[in-house]
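Order of the sequence lines sets the chain letters (A, B, ...), proteins ahead of strands, with each chain counted from 1.
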Amino acid sequence: MNFIEELKWRGLVKDVTDYDGLIEALKQPQTVYCGFDPTADSLHVGHLQQIILLRRYQNAGHRPIALCGGFTGMIGDPRLTSERKLLSHEDVLHNADCIKNQLAKFLKFDGENAAVMENNNNWLGDMSLLDYLREYGKLFNIAYMLQKDTIKKRLDSGLSYTEFSYTILQAMDFLKLYQKYGCRIEIGGSDQWGNLTSGMELIRKVEGDDAKAWGITSPLITKSDGTKFGKSEGKNIWLDPERTNAYEFYQFWLNIPDDDIIDYLKRLSLHTPEEINTLEESMRAAPEKREAQKVLADELTEMVHGREGLEKAKKITETFFHGDIMSLTPDEMKDGLADAEKTAVSDGITLIDALVSANIAKSKGEARRLIQQGSVSANGAKITDIEAVLKKSEAVNEEFTILKKGKKNYYLLTF
RNA sequence: GGAGACGUAGCAAAGUGGCUAAAUGCGGCAGACUGUAAAUCUGCUCCCUAUGGGUUCGGUGGUUCGAAACCACCCGUCUCCA
C-alpha cells in the first residue's frame, strides 16, 4: 500500500486533481499545506481530520505547512447557507493566536521536514488594492468563478462581494506558498474543492503550464445516526483544554458508537492499518470491551491534553464509573471534579433549592421530580426524600458536597 | 392592489363554547435492562408555599355564567391571482 492508497483505505480521499501525477510526485518529499481560518478562539474535533492528515504527510517524509488564515478569517469563507457575520479585527487576531498554538501541538518542528506555521496575513495584509486588482483579479474570470459550487449555490440566497472574493484570496495563498516553500499540494475538506482548484489554476497562470500543483480533498466526518459530528449533549468538543477538559474530551471518544468507531480510527488514528484491522476484529468479537474506542480515546487525548491530561481523564473515568467516589481523598475528589460546575450554597439549604440554584434542575417542580425518581445522590448516597436538607457538617471536609444527577452528571456544591 | 388560509407548549400537530393545563408524535429528563452502547420497556416533561392554587393557546379589546374555541381591530406567516 503506498501512501495515497493508505489514505484511500482510511477514507481520507474524496477528490484528487491528478491522481497518477500526485502518486508520482509523492515519491519525492513534497511540501503540503492546509489552511485553518480563525473563526473561533479554538479549533474543535471536526478539525482533527485535516490536522492529523498533515501529520500523516509529515510522518511519510513530507513537509507540512499549517496555514492560519489571519487575513481570510476577516473575510469569511462562503458557507452553503448564508453570509457570515464579520468578526472584529481584535477577535480574529486573538483567535489566530489561539489556534496557532493548538496546531503546533500536532506537528514536529524539528528535523529534515520540520513543519512550518504560516499566516496569510503576512502577504495579504500589506497588499495594495491596486496590486490585488491588477495582478490577481485580472487572472480570475467571473464566469469561471460562478461555476464554483459554493458560489453557485449562494447566488439565490445572496452573496456579498466580500465573500465572493474569498476564493481568490485562498488561491493566492497557494501561489504564495508555492513560491516561498515550493509547496505543491493543498489538502482540505471536500467543501474546499473549489478553493483548491482555484489555487492550482492561479499557479498555472502565474508560473506557467509546467508548474505542477495538486489538490486533494477528504470527505467530511459523518455520524451513522445522521447528526452532526463533534458535539456532545449539544456542546462542541474543543481542542482548547480551557474549553473542553481532558475528561470530557476522553469521554467523547469513549462514547463513539460501535458503528462509527472503526471509521474514526481509520481517519484519526496514527495506528497502522494492521492494528486497526485487529481492533475491528476485537470490536466484533467483544464490543462490550470497547477496545477500539479506548485506543482512539487514549491516542487523541494524549495528543491534545498530553500524558498528564490522559492520566487524569482515565483516573476520573475509572472512579466515576467503576469505583466509589467516597474512596478518594478530599483532594483527589477536588482534582477529579475540578472542571465540574461549582456552586456556592449556604448551610442548611434544602436539596430542592440546591438543585435549582446549581442549575441542575430548571424549576423546583423538576427538582422534586428528579428526587422522587431516584436520580439524585449526594456524596455517593441516593436521596429520595424531597424534604432533604444539605448541611455543612455532613459535607466532605465540611467543605463541599458532590451531587450527582442521573448516571454521569456531577456537580460540586461548596459551603 | 385583489382572493384566501393560517398563527396552540422546545418542535410537529389535534382540539371550534364547559368533560382541556390542553389528545398524539418527536425531542428532552429520569428509571429498568446493558457495555458509561444500541434497541426495548416504564415514568415525567408550564409555574408554585402543591389531594390545592396560579398563569397559558400571536396581541388588544369585546360577547358570555363560562372562551384556545365566537366577534372586532392589530401584528405576523403562507398560498393563489394581478
Undergrad: For B:A3, which nucleotide in any strand shown is its Watson-Crick or wobble partner with both distances under 3.5 Å?
TA: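 B:U79 - that is the nucleotide pairing with B:A3, both distances being under 3.5 Å.
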Undergrad: Pick the P atom in B:U56 and in B:U51, then give their distance to the nearest Å.
TA: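 Their P atoms lie roughly 23 Å apart.
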Undergrad: Applying ring pair (Phe, Tyr, Trp, His ring centres under 6.0 Å), which residue pairs with at least one partner in residues 377-415 of chain A are found, sequence neighbours left out?
TA: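 Sorted pair list: A:Phe320-A:Tyr410.
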Undergrad: Within residues 252-267 of chain A, find the residues that approach RNA chain B with a heavy atom at under 4.0 Å, and present them sorted by residue number.
TA: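 Under 4.0 Å from RNA chain B: A:Leu254, A:Asn255, A:Asp258.
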Undergrad: Partners of A:Gln372 by side-chain contact (heavy atoms from CB on, under 4.5 Å), sequence neighbours excluded?
TA: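 With sequence neighbours excluded, A:Gln372 shows a side-chain contact (heavy atoms from CB on, under 4.5 Å) to A:Arg368, A:Ile386, given in chain and number order.
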Undergrad: Roughly how many Å apart are B:G15 and B:U24, using the C1' atom of each and rounding to a whole number?
TA: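 About 11 Å, rounded to a whole number of Å.
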Undergrad: Distances for protein N/O vs nucleotides 38-44 of chain B N/O pairs under 3.5 angstrom?
TA:
unit_1	atom_1	unit_2	atom_2	d
B:G43	N2	A:Gln373	OE1	2.8
B:G43	N3	A:Gln373	OE1	3.4
B:C44	O2'	A:Arg369	NE	3.2

Undergrad: By side-chain contact (heavy atoms from CB on, under 4.5 Å), which residues pair with A:Asp191, not counting sequence neighbours?
TA: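 In terms of side-chain contact (heavy atoms from CB on, under 4.5 Å), with neighbours along the sequence ignored, A:Asp191 is linked to A:Leu220.
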Undergrad: Could you name each residue pair satisfying ring pair (Phe, Tyr, Trp, His ring centres under 6.0 Å) that touches residues 10-36 of chain A, not counting sequence neighbours?
TA: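 Every ring pair (Phe, Tyr, Trp, His ring centres under 6.0 Å) pair that includes a residue of residues 10-36 of chain A, provided the two are not neighbours, is A:Tyr33-A:Phe174.
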Undergrad: Which value, in whole Å, describes the distance between the C1' atoms of nucleotides B:U8 and B:G25?
TA: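 That atom pair is separated by 15 Å.
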Undergrad: To the side chain of A:Arg368, which of B:G35, B:A30, B:A50 is closest?
TA: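 That would be B:A50.
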Undergrad: Among residues two or more places apart or on two chains, list those pairs meeting side-chain hydrogen bond (donor to acceptor under 3.5 Å, both in side chains) that have a residue in residues 278-294 of chain A.
TA: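 Applying side-chain hydrogen bond (donor to acceptor under 3.5 Å, both in side chains) to every pair that reaches into residues 278-294 of chain A, excluding sequence neighbours, yields A:Asp258-A:Gln293, A:Glu280-A:Arg284.
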Undergrad: Using atom names, set out every protein N or O paired with an N or O of nucleotides 51-54 of chain B below 3.5 Å, distance rounded to 0.1 Å.
TA:
none

Undergrad: Applying a 3.5 Å limit to both distances, which nucleotide forms a Watson-Crick or G-U wobble pair with B:G52?
TA: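 Across any shown strand, B:G52 pairs with B:C48.
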Undergrad: When rounded to the nearest Å, what value does the distance between C1' atoms of B:A9 and B:U20 take?
TA: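 Comparing C1' positions in B:A9 and B:U20 gives a spacing of 13 Å.
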Undergrad: What contact category does A:Lys364 fall into here, base, sugar-phosphate, or nothing, at under 4.0 angstrom with non-hydrogen atoms?
TA: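 A:Lys364: backbone/sugar contact only, no base atoms under 4.0 Å.
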Undergrad: What does A:Gln251 touch in the nucleic acid at a heavy-atom separation under 4.0 angstrom: a base, only the sugar-phosphate, or nothing?
TA: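 A:Gln251: base contact, heavy atoms under 4.0 Å.
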Undergrad: Would you call the rings of A:Phe249 and A:Trp253 parallel, tilted or perpendicular if under 30° counts as parallel and over 60° as perpendicular?
TA: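 Correct class here is perpendicular.
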Undergrad: Please give the distance between the P atoms of B:A37 and B:U16 as a whole number of Å.
TA: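 Approximately 43 Å lies between the P atom of B:A37 and that of B:U16.
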Undergrad: What pairs with A:Glu6 under side-chain contact (heavy atoms from CB on, under 4.5 Å), at least two apart in sequence or on another chain?
TA: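 Only A:Met1, A:Arg10, A:Pro273 meet the side-chain contact (heavy atoms from CB on, under 4.5 Å) criterion with A:Glu6.
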Undergrad: Please tabulate, one pair per line, each protein N/O and nucleotide N/O from nucleotides 9-11 of chain B that are separated by under 3.5 Å, including the distance.
TA:
none

Undergrad: Can you run down the salt bridge (Lys or Arg N to Asp or Glu O under 4.0 Å) pairs that involve residues 296-306 of chain A, sequence neighbours left out, and say none if there aren't any?
TA: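 Of all non-adjacent pairs touching residues 296-306 of chain A, those that pass salt bridge (Lys or Arg N to Asp or Glu O under 4.0 Å) are A:Asp298-A:Lys314, A:Glu302-A:Arg307.
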Undergrad: With a non-hydrogen cut-off below 4.0 angstrom, is A:Lys405 in contact with a base, only sugar-phosphate, or nothing?
TA: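 Sugar-phosphate, no base atom in range.
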Undergrad: Can you run down the side-chain hydrogen bond (donor to acceptor under 3.5 Å, both in side chains) pairs that involve residues 343-357 of chain A, sequence neighbours left out, and say none if there aren't any?
TA: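 Non-adjacent pairs meeting side-chain hydrogen bond (donor to acceptor under 3.5 Å, both in side chains): A:Thr350-A:Asp353, A:Asp353-A:Lys364.
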Undergrad: Closest approach to the side chain of A:Gln293, judged atom by atom: which nucleotide of B:G35, B:A30, B:C33 is it?
TA: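 Side chain of A:Gln293 sits closest to B:G35.
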Undergrad: Quote, to the nearest angstrom, the P distance that separates B:G4 from B:A68.
TA: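 Those two atoms are separated by 28 Å.
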